[in-house]
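From a predicted model like this one, the values you see are computed outputs, not experimental measurements.
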Amino acid sequence: MRFIVLPGDGIGPEITDATLAVLRAADARFGLGLTFETHAIGLETLKTRGTTLPEEVMEASKASDGVILGPISHLHYPSRDKGGINVSAAFRVGLDLFANVRPARTRPGLGRGHAPLDLVIMREATEGFYPDRNMHAGSGEFMPTPDVAMSMRKITAHASRRIAREAFLLARRRRGKVTAVHKANTFILTDGLFLRCVREVAQDFPDVALDEIIVDACAAMLVRDPQRFDVLCATNFHADILSDLASELSGGLGLAGSTNQNDLLCCAQAQHGSAPDIEGQDKANPVSLILSAAMLLDWHAEKRGNHAAGQAAAAINTAVDAALADPATRTPDLGGKLGTQAFGRKVAALLAG
């Protein structure tokens, strides 16, 4: 398997190095045949190439067996016409990686809520409230006068049906329940269309239960009764916010893996940002990207029948849990003393046995 590696900005190169150490250990144990091809993106190529995302990176990614994408500093990029391409959006829309899969599982001794979580948020990633991906040309956000700012939301039946199908397929492999998250009481047409599509897809999955909940009530229930949830299916903006809440409750964004995927390609990407305030200090927690890489391997097991990749993904999760269970082998954000690279080496050693 040939993976494209894009270290990104801020702490990206550091947590990417730690992740690659874990993947190499998994490769040695399970014989995965991994190769890595690294490309610069982000602020580095903005300086040298005038763009945060060179065209050849997208082409290489299309032809790869998967992508490992480090955090990006999109907030600090210039406008798109000056080279500041949002790399995450470009991958999700340009490669049609419509399913942003975001698990939240409480790790041993690290939960911040009163009850443990074990759920997955299935986020539609190609449209919704995001103005950089909901128009064919131009932006969905505009100002008709200097004192009036407007934003358009796009919801389509096509995108709603396919993200719903992914949610039901995943729930069938888990505990058999999908919760559709919406605000159809206010967004009558847009969330109404989304709900209609989820209900239609549910007819193809009689073995999976469908529940529906308004987004603000969902936020409250994530705090009060998170164990009621299995797979939550939501539009882009709602899912983005809820996934951060769920990840914080389960231990923190530093522990939250995610992938952007379809049936042909998968991109592993940490949920958190680039944290430039600790860049280069070997303090960053690499768990999120490590777990995202494990999800990429699990995608290969599910979509391509690679049994060894599935075994490796499970072993990586077990090794991460073992490292986090011991306060002495945690990173500083979790009260430990291990640096980024030392933590990666610890997980790799546990993986190697």
Visitor: Under 4.0 Å between a side-chain nitrogen and a carboxylate oxygen: does that hold for Arg80 and Asp132?
Guide: no
Visitor: Could you grab the distance from atom SG of Cys233 to atom CD of Glu124, nearest 0.5 Å is fine?
Guide: 9.0 Å
Visitor: Taking the basic N atoms (NZ, or NE/NH1/NH2) and the acidic carboxylate oxygens, is any pair closer than 4.0 Å for Asp333 and Lys283?
Guide: no
Visitor: Does Trp299 reach the main-chain N or O of Asn262 with its side chain, forming a donor-acceptor pair under 3.5 Å?
Guide: yes
Visitor: How close do Ala26 and Ile316 get, heavy atom to heavy atom, and via which atoms?
Guide: CB-CD1, 4.2 Å
Visitor: Tell me whether the count of non-hydrogen atoms from other residues, nucleotides or ligands lying under 6.0 Å of CE in Met152 goes above 12.
Guide: no
Visitor: Strictly distance-based, threshold 3.5 Å: is any side-chain N or O of Thr156 a donor or acceptor partner for the main-chain N or O of Ala159?
Guide: yes
Visitor: Given the rule that I, L, V, M, F, W and Y join up when any side-chain heavy atoms are under 4.5 Å apart, are Val22 and Leu350 in one cluster?
Guide: no
Visitor: Out of curiosity, His238 NE2 to Phe129 CZ, how far, rounded to the nearest 0.5 Å?
Guide: 6.5 Å
Visitor: Is the number of heavy atoms from other residues, nucleotides or ligands within 6.0 Å of NZ (Lys303) greater than 12?
Guide: yes
Visitor: For a 4.5 angstrom cut-off between non-hydrogen side-chain atoms, does Asp118 reach Thr106?
Guide: no
Visitor: Counting N and O atoms only, with roles assigned by atom type, does the side chain of Ser274 sit under 3.5 Å from a partner on the main chain of Pro71, one being a donor and the other an acceptor?
Guide: no
Visitor: In this structure, which one of Leu242, Asp244, Val120 forms a side chain to side chain contact (heavy atoms under 4.5 Å, CB included) with Arg102?
Guide: Asp244
Visitor: Roughly how far, to the nearest 0.5 Å, is CG of Asn185 from CG of Asp191?
Guide: 8.5 Å
Visitor: Is the side chain of Thr145 donor-acceptor paired with the backbone N or O of Val148 at a distance under 3.5 Å, no angle test?
Guide: yes
Visitor: Assess the residue pair Gln271 and Ser243 against the criterion (side chain to side chain contact (heavy atoms under 4.5 Å, CB included)); give the C-alpha distance rounded to whole Å, side-chain angles, the decisive distance to 0.1 Å, and a yes or no.
Guide: CA-CA 9 Å; Gln271 276 196 47; Ser243 61; 4.0 Å; yes
Visitor: Quick one: does Thr235's side chain have a donor or acceptor within less than 3.5 Å of a partner on Phe194's backbone?
Guide: no
Visitor: Less than 4.5 Å apart, side chain to side chain, heavy atoms only: is that true for Met1 and Thr35?
Guide: no
Visitor: Would you find a donor on one side and an acceptor on the other, under 3.5 Å apart, between the side chain of Asp230 and the backbone of Lys177?
Guide: yes
Visitor: Do Ile4 and Met295 sit in one hydrophobic cluster, given that two such residues count as connected whenever their side-chain heavy atoms are within less than 4.5 Å of each other, even indirectly?
Guide: no
Visitor: Taking Arg162 first and then Glu166, would you say they form a salt bridge - that is, a charged N and a carboxylate O separated by under 4.0 Å?
Guide: no
Visitor: For a side-chain hydrogen bond (donor to acceptor under 3.5 Å, both in side chains) check, start with the C-alpha distance between Asn236 and Arg92, then their side-chain angles and the critical distance, and finish with the verdict.
Guide: CA-CA 11 Å; Asn236 205 342; Arg92 291 167 182 168; 5.5 Å; no
Visitor: Examine Arg330 relative to Phe343 and say whether NZ or CZ is less than 6.0 Å from the centre of the six-membered ring and inside a 45° cone about the ring axis.
Guide: no
Visitor: Flag the pair Arg161 and Asp204 as a salt bridge only when some basic side-chain nitrogen lies within less than 4.0 angstrom of an acidic carboxylate oxygen.
Guide: no
Visitor: So Leu245 and Leu249, do their side chains get closer than 4.5 Å, heavy atoms only?
Guide: yes
Visitor: Do Leu289 and Gln269 come within less than 4.5 Å of each other through their side chains, counting heavy atoms only?
Guide: no
Visitor: Is it true that Arg153 and Glu127 have a side-chain N and a carboxylate O under 4.0 angstrom from each other?
Guide: no
Visitor: Report yes or no: does Asp298 contribute a side-chain atom to a donor-acceptor pair with the main-chain N or O of Ala313 at less than 3.5 Å?
Guide: no
Visitor: Establish, from distance only, whether the side-chain atoms of Glu141 and Ser139 form a donor-acceptor pair under 3.5 Å.
Guide: no
Visitor: Tell me whether Arg123 forms a cation-pi arrangement with Tyr130, defined as NZ or CZ under 6.0 Å from the six-membered ring centre and within 45 degrees of its axis.
Guide: yes
Visitor: Rounded to the nearest 0.5 Å, what separation is found between the CE atom of Met221 and the CD atom of Gln227?
Guide: 13.0 Å
Visitor: Hey, mind stepping through Ile155 and Phe187 against side chain to side chain contact (heavy atoms under 4.5 Å, CB included) and telling me if it holds?
Guide: CA-CA 11 Å; Ile155 301 295; Phe187 293 96; over 6 Å; no
Visitor: Between Ile278 and Ala284, what is the shortest heavy-atom contact and its length?
Guide: CD1-CA, 3.9 Å
Visitor: Shortest non-hydrogen contact from Gly192 to Ala184?
Guide: N-CB, 4.1 Å
Visitor: Determine whether Leu297 and Leu291 fall in the same hydrophobic cluster, where Ile, Leu, Val, Met, Phe, Trp and Tyr are linked whenever their side-chain heavy atoms lie under 4.5 Å apart.
Guide: yes
Visitor: Would a distance-only check, ignoring hydrogens and angles, find a side-chain to backbone donor-acceptor pair under 3.5 Å from Asn306 to Ala301?
Guide: no
Visitor: Step through the shown structure and confirm whether more than 12 heavy atoms of other residues, nucleotides or ligands are within 6.0 Å of CZ on Arg112.
Guide: yes
Visitor: For Val101 and Ser258, what are the C-alpha separation, side-chain angles and deciding distance, and is it a side chain to side chain contact (heavy atoms under 4.5 Å, CB included)?
Guide: CA-CA 5 Å; Val101 187; Ser258 75; over 6 Å; no
Visitor: Decide yes or no on side-chain hydrogen bond (donor to acceptor under 3.5 Å, both in side chains) for Thr179 and Glu212, but give the supporting numbers first.
Guide: CA-CA 5 Å; Thr179 300; Glu212 299 173 5; over 6 Å; no
Visitor: In terms of heavy-atom contacts, does CZ of Phe237 have more than 12 from other residues, nucleotides or ligands at under 6.0 Å?
Guide: no
Visitor: I'd like to know whether NZ of Lys346 has more than 12 heavy-atom contacts from other residues, nucleotides or ligands below 6.0 angstrom.
Guide: no
Visitor: Verify the cluster assignment for Leu195 and Val215: are they in a single hydrophobic cluster under the rule of side-chain heavy atoms below 4.5 Å apart?
Guide: no
Visitor: May I ask you to decide if Glu14's main-chain N or O and Gln341's side chain share a donor-acceptor pair within less than 3.5 Å?
Guide: yes
Visitor: Hey, what do you get for CD (Glu56) to OG (Ser61), rounding to the nearest 0.5 Å?
Guide: 10.5 Å
Visitor: Between Glu37 and Ser64, do the side chains contain an N or O donor and an N or O acceptor separated by less than 3.5 Å?
Guide: no
Visitor: Please confirm whether the backbone N or O of Ile15 pairs with a side-chain atom of Thr340, one donor and one acceptor, at under 3.5 Å?
Guide: no
Visitor: How about Ile68 and Leu20: do any of their side-chain heavy atoms sit closer than 4.5 Å?
Guide: yes
Visitor: Could you tell me which non-hydrogen atom of Gly12 sits nearest to which non-hydrogen atom of Thr16, and how far apart they are?
Guide: O-OG1, 2.7 Å
Visitor: Could you check whether any side-chain heavy atom of Leu170 comes within less than 4.5 Å of a side-chain heavy atom of Met122, counting everything from C-beta outward?
Guide: yes
Visitor: Mind checking whether Leu210 and Phe168 have side chains closer than 4.5 Å, heavy atoms only?
Guide: yes
Visitor: How close do Ser292 and Gly257 get, heavy atom to heavy atom, and via which atoms?
Guide: OG-CA, 3.2 Å
Visitor: Please find the pair of heavy atoms, one from Gly254 and one from His272, that lie closest to each other, and give the distance.
Guide: CA-CD2, 4.1 Å
Visitor: Could you check whether the rings of Phe3 and Phe36 sit parallel, tilted or perpendicular, using 30° and 60° as the cut-offs?
Guide: tilted
Visitor: Can you list the steps and then say if Ile41 with Asp9 is a side chain to side chain contact (heavy atoms under 4.5 Å, CB included)?
Guide: CA-CA 8 Å; Ile41 58 167; Asp9 303 313; 6.0 Å; no
Visitor: Report the distance from atom CG of Leu255 to atom CG of Leu324, rounding to the nearest 0.5 Å.
Guide: 6.0 Å
Visitor: Spell out, yes or no, whether Leu265 and Phe91 are grouped together once hydrophobic residues are joined by side-chain heavy atoms under 4.5 Å, including indirect joins.
Guide: yes
Visitor: With a 4.5 Å heavy-atom cut-off, do Gln261 and Asp263 have their side chains touching?
Guide: no
